[in-house]
Amino acid sequence: MTERRVELPVGPDEAYQRLLKAAAGTGKVEESSDAARYVVCKARYGLNPVRVRISVLSSATGDSSVIEFGGRGQDVWGVASRKVIDSIIQRL
């Protein structure tokens, strides 16, 4: 499993809306929750299917957001999940 954290200089609500667009642009949004602010996205990297669960959290100050990524793919080295997470981050 590949994990990563990214901080955005926007509030959690705006970060969640950006995340929905970025996930939809990268793959298929399988599940999402406005109340819990999480998205489950399924994408492909080459022949490998990858499922990424992404959560938006408020930072300590409240004026920025922390986004946590957890990706799981079928390759041994985790390259596919890292590449899909990189693609979502670039779209943010």
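V56 is connected to L8 through a chain of hydrophobic side-chain contacts under 4.5 Å among Ile, Leu, Val, Met, Phe, Trp and Tyr, so both are in one cluster. Under a hydrophobic clustering in which Ile, Leu, Val, Met, Phe, Trp and Tyr are joined whenever their side-chain heavy atoms come within less than 4.5 Å, directly or via other members, Y38 and V52 fall into different clusters.
Residues forming a salt bridge (charged side-chain N to carboxylate O under 4.0 Å, His left out) with D13 (at least two apart in sequence, or on another chain): R37. Applying the side-chain contact (heavy atoms from CB on, under 4.5 Å) rule to A35 yields the partners S33; only residues at least two apart in sequence or on another chain are considered. Qualifying salt bridge (charged side-chain N to carboxylate O under 4.0 Å, His left out) partners for E68, counting only residues two or more places apart in sequence or in other chains: R5. For E14, the side-chain contact (heavy atoms from CB on, under 4.5 Å) partners at least two apart in sequence or on another chain are V10, R18. Every side-chain hydrogen bond (donor to acceptor under 3.5 Å, both in side chains) that S64 has, sequence neighbours left out, goes to E7, S59. Every residue was checked against the side-chain hydrogen bond (donor to acceptor under 3.5 Å, both in side chains) condition with S65, not counting sequence neighbours, and none meets it.
If you take CD1 on I54 and OH on Y16, they are separated by 10.0 Å, rounding to the nearest 0.5 Å.
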Show every donor-acceptor pair shorter than 3.5 Å between a side-chain atom in residues 69-80 and any protein atom, with sequence neighbours excluded, or say none if there are none.
residue : atom : partner : partner atom : Å
D75     : OD2  : G78     : N            : 3.4
D75     : OD2  : V79     : N            : 2.8
D75     : OD2  : A80     : N            : 3.1

Could you tabulate the donor-acceptor pairs under 3.5 Å formed by side-chain atoms of residues 83-92, not counting sequence neighbours?
residue : atom : partner : partner atom : Å
D86     : OD1  : R4      : NH1          : 2.4
D86     : OD1  : R4      : NH2          : 3.2
R91     : NE   : T26     : OG1          : 3.1
R91     : NH1  : G25     : O            : 3.4
R91     : NH2  : G25     : O            : 3.2

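Sorted by first and then second residue, the pairs that involve residues 42-56 and meet side-chain hydrogen bond (donor to acceptor under 3.5 Å, both in side chains), not counting sequence neighbours, are E30-R51.
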>> V29 vs V40, test: side-chain contact (heavy atoms from CB on, under 4.5 Å). Steps then yes/no.
In response: CA-CA 6 Å; V29 175; V40 177; over 6 Å; no
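Between V66 and V6 the shortest side-chain heavy-atom distance does not fall below 4.5 Å.
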